[in-house]
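The structure appears right after this line, and notes come after that.
Counting from 1, the numbers follow the sequence of the chain as shown.
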Amino acid sequence: MATILVVEDNTTLREGIVQVIKRMGHEALDAPGGARGLEIFEAERPDLVITDLKMDGIDGMQVLERILALDPGALVIICTAFGSIEKAVDAMQKGAHDFVPKPFPPDLLRSKIERALQLNAERAKGVRLVAENEMLRADAAAVHDGDDIVGSSDVMGNVFERIRKVAPTDSTVHVYGESGTGKELVARAIHENSPRAAHPFVKVNCSALAESLLESELFGHEKGAFTGAVKQKLGRFELADGGTIFLDEIGDIAPTIQLKLLRVLQERQFERVGGESTVSVDVRIVTATNKDLKAEVAAGNFREDLFYRLHIIPITLPPLRERMDDLRPLVDHFIDKLVRRTRKRVGNIAPDALQALQQYRWPGNVRELENVIEHAMVFATGNTIEVSDLPAVITGRASDDLLAIPGGDRALPDILEDLERQLILRAFRKAKGVKTETARLLGIKPSALYYKLEKYGIEDEDANT
């Protein structure tokens with residue numbers, strides 16, 4: 001158990017962060033401002049500090065500087081609004097361990113905390129994080145980064161071995177694999193087991209942005225570079241300086257971006273959009289795609305010189321249907337992982353339910369399996385997943401468990417209320433009208449359930465319809 005200090009002047013946010021920390025099993029200390037935070041740090045010397053950047057009085061930057069003056073090895077995570085990312089980068093240059101942009105989901109915060117505490121533990125042992133991680137051994141069949149690549153099959157053993165060998169280097173890595181196979185997990189595992197592990201891991205989904213937006217996202221822009229560019233913006237390459245940048249769906253980038261990326265790979269230099277000065281960065285590049293890049297080169301859609309720059313160390317992730325020996329370990333892993341989210345005491349899966357999973361082709365791969373297990377856990381009534389708990393797409397039965405998306409020109413709040421009513425009614429029927437069981441299935445308090453039953457007009461007789 002670690003001791004973590006939270007310095008945040010927003011009471012609601014501070015209490016939320018404290019709750020996340022306590023649920024992780026750690027002790028939380030909290031301060032409503034910088035001055036009190038420094039007092040607590042000096043008295044308690046916590047293992048980790050999480051501080052807001054913008055606070056009245058002593059702000060987060062001052063908190064960081066004074067903490068590092070007291071203890072140069074202290075780990076500090078900065079919380080910052082999205083528009084203040086540049087200040088967060090400045091904080092990291094001054095010695096902050098990491099930053100998290102607000103608003104942030106609990107899972108992201110947990111991941112940041114776990115990584116920081118892992119670094120603390122390695123320091124205490126006097127072992128560098130780049131040393132061979134036992135979780136990378138093929139017989140352990142896992143690589144850790146707040147999530148796991150799980151598998152004991154021969155083909156996954158080869159993947160683990162390639163990660164183990166390439167992680168300590170700075171070589172460019174390209175990960176092949178269908179959607180949902182875990183390409184980002186491989187990229188994170190490489191980063192977390194490299195000399196760059198204490199520096200940022202920055203992900204960019206290249207297929208999610210238009211060409212003009214992607215260029216600005218990757219390389220940044222100067223004030224006035226285009227309409228709406230009211231101030232200078234640092235690109236993802238600058239934010240990843242010292243660490244690793246993961247370019248997902250690299251096969252979808254436009255030719256103009258390909259040319260600029262080629263220069264970054266060759267020289268580690270670029271200019272921001274609308275800028276003249278050259279920016280130099282020290283980053284490791286990991287890319288991924290579900291496309292056949294050789295075929296894209298042959299078709300004239302992808303530069304051949306860029307392909308060979310990216311293809312120095314290829315790693316291919318097999319689809320789940322080609323590693324079915326890993327299905328049971330994956331199921332067990334997801335059951336353990338999802339216990340907290342689903343608030344269910346599920347710990348096993350029935351043999352016929354497992355057989356149904358083994359007979360499915362898994363077009364969505366490991367990501368789809370995780371979604372299926374979460375679905376099954378939500379609707380499980382005991383501590384074992386049964387065939388009846390699996391979604392219809394797996395069992396082939398009539399899809400009466402699928403939610404009906406309301407049609408028509410309706411506002412989003414109305415649609416969400418309709419979907420919520422469907423979920424409550426389904427759980428109510430599954431619990432045969434027993435309200436305490438219904439509340440348990442939904443993971444809410446009985447008092448909240450009573451309110452919602454009244455709100456949606458759900459009565460006892462609806463349990464039998």
Side-chain angles (χ1 to χ4, degrees), residues 23 105-107 147 150 180 320 324 327-406 415-465:
R23 286 176 179 171
D107 284 349
D147 207 338
V150 176
L320 181 54
M324 293 303 287
L327 184 70
R328 180 57 193 258
L330 282 164
V331 169
D332 292 340
H333 165 69
F334 288 134
I335 288 174
D336 290 341
K337 175 184 175 181
L338 296 167
V339 163
R340 179 181 298 160
R341 187 188 305 174
T342 60
R343 300 178 183 174
K344 291 297 190 74
R345 297 183 180 274
V346 175
N348 202 359
I349 183 168
D352 54 347
L354 182 63
Q355 184 178 17
L357 298 180
Q358 291 169 334
Q359 293 172 346
Y360 184 62
R361 292 293 292 167
W362 299 107
N365 292 295
V366 178
R367 185 186 298 127
E368 183 182 13
L369 175 62
E370 180 175 4
N371 293 340
V372 165
I373 296 303
E374 182 170 0
H375 176 286
M377 290 177 69
V378 167
F379 290 102
T381 55
N383 65 355
T384 300
I385 294 174
E386 305 289 349
V387 170
S388 59
D389 301 319
L390 298 174
V393 69
I394 303 297
T395 62
R397 66 180 185 273
S399 57
D400 58 349
D401 62 346
L402 298 179
L403 292 176
I405 305 299
I415 294 174
L416 293 176
E417 284 195 352
D418 196 308
L419 294 173
E420 183 180 48
R421 186 184 189 281
Q422 290 184 56
L423 283 168
I424 292 171
L425 185 57
R426 182 190 301 170
F428 192 53
R429 288 170 177 166
K430 185 160 189 172
K432 296 181 170 52
V434 178
K435 294 182 177 62
T436 53
E437 176 63 12
T438 304
R440 190 188 69 79
L441 287 172
L442 293 168
I444 61 177
K445 294 179 179 179
S447 58
L449 174 67
Y450 297 145
Y451 164 76
K452 292 181 183 296
L453 291 175
E454 183 176 351
K455 175 183 177 181
Y456 295 120
I458 299 174
E459 301 176 350
D460 291 344
E461 52 266 30
D462 291 321
N464 301 316
T465 57

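- Counting heavy atoms from C-beta outward, L425 and R429 have side chains that approach closer than 4.5 Å.
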Donor-acceptor pairs are to be reported for all side-chain atoms of residues 433-441 against protein atoms at under 3.5 Å, with residues two or more places apart or in another chain.
from : atom 1 : to   : atom 2 : distance (Å)
K435 : NZ     : D460 : OD1    : 2.9
E437 : OE1    : R440 : NE     : 3.0
E437 : OE2    : R440 : NH2    : 2.8
T438 : OG1    : V434 : O      : 2.8
R440 : NH2    : T381 : O      : 3.0

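- The ring-ring contact (aromatic ring centres under 6.0 Å, His included) contacts involving residues 342-364 comprise Y360-W362, where partners must be two or more places apart or lie in separate chains.
- Taking the side chain as every heavy atom from C-beta outward, F334 and V150 never approach each other to under 4.5 Å.
- Side-chain contact between L338 and K344: absent, with no pair of heavy atoms (C-beta onward) separated by less than 4.5 Å.
- Listed by chain and residue number, R341 satisfy the salt bridge (Lys or Arg N to Asp or Glu O under 4.0 Å) test with E374 (two or more places apart in sequence, or in another chain).
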Show me the donor-acceptor pairs, under 3.5 Å and distance only, between side chains in residues 444-458 and residues at least two apart or in other chains.
from : atom 1 : to   : atom 2 : distance (Å)
K452 : NZ     : E420 : OE2    : 2.9
K455 : NZ     : E417 : OE2    : 3.3
Y456 : OH     : E420 : OE1    : 2.3

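- Atom CG in L442 sits 11.0 Å away from atom CZ in R343 (nearest 0.5 Å).
- For the atom pair CG of D389 and NE2 of H375, the computed distance is 9.0 Å after rounding to the nearest 0.5 Å.
- A distance of 15.5 Å separates CZ of F379 from CD of E386, quoted to the nearest 0.5 Å.
- N365 and G180 get closest at one heavy-atom pair: CB-O, 3.4 Å.
- Taking CD1 from I385 and CD1 from I335, the interatomic distance works out to 4.0 Å, rounded to the nearest 0.5 Å.
- Under the side chain to side chain donor-acceptor pair (under 3.5 Å) criterion, D107 pairs with R110, sequence neighbours left out.
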Would you tabulate the side-chain donor-acceptor contacts of residues 346-355 under 3.5 Å, counting partners in other chains and residues two or more places apart, or write 'none'?
from : atom 1 : to   : atom 2 : distance (Å)
N348 : OD1    : R328 : NH2    : 3.1

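- Here T384 contributes atom OG1 and R345 contributes atom CZ; the two are 14.0 Å apart, rounded to the nearest 0.5 Å.
- Considering every non-hydrogen atom in both L320 and L330, the closest pair reads CD1-CD1, 3.7 Å.
- The salt bridge (Lys or Arg N to Asp or Glu O under 4.0 Å) contacts involving residues 355-367 comprise nothing, where partners must be two or more places apart or lie in separate chains.
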